[in-house]
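This report concerns only the one structure given below.
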Amino acid sequence: MKAFFQYIAENPDYIILACSSAFLVSYFIRWVFRNNNNSDDDEGGGGGGSSNGTDDPVLDLPPGVCLPKDKNEPELV
């Protein structure tokens, strides 16, 4: 451990490199989280489809196309 500190004291460029790398990585992570508004994301309200308050997925179907209706199953007697 003593040799490590001695090496760093003789080569301070590594401290500058490590600090600048940490700053750039943290800046990039913050930038990604800040600009995470994907317009195609249906859950965020952007894009198409309608949200009816359920956990069902919202499908972006073209106009005039709908999902098939479920048939009522016969009741067992």
Which residues end up grouped with Phe23 if you chain together Ile, Leu, Val, Met, Phe, Trp and Tyr wherever their side-chain heavy atoms are less than 4.5 Å apart? Leu24

Side chain of Ser21, backbone of Ala18: donor and acceptor closer than 3.5 Å? no

Check the hydrophobic clustering (I, L, V, M, F, W, Y; side-chain heavy atoms under 4.5 Å; chains of links allowed) and say if Tyr27 and Ile29 are grouped together. no

Spatial distance of atom CG (Asn11) from atom CD (Gln6) [nearest 0.5 Å]: 10.5 Å

The side chain to side chain contact (heavy atoms under 4.5 Å, CB included) partners of Phe28 (sequence neighbours excluded) come to Trp31, Val32

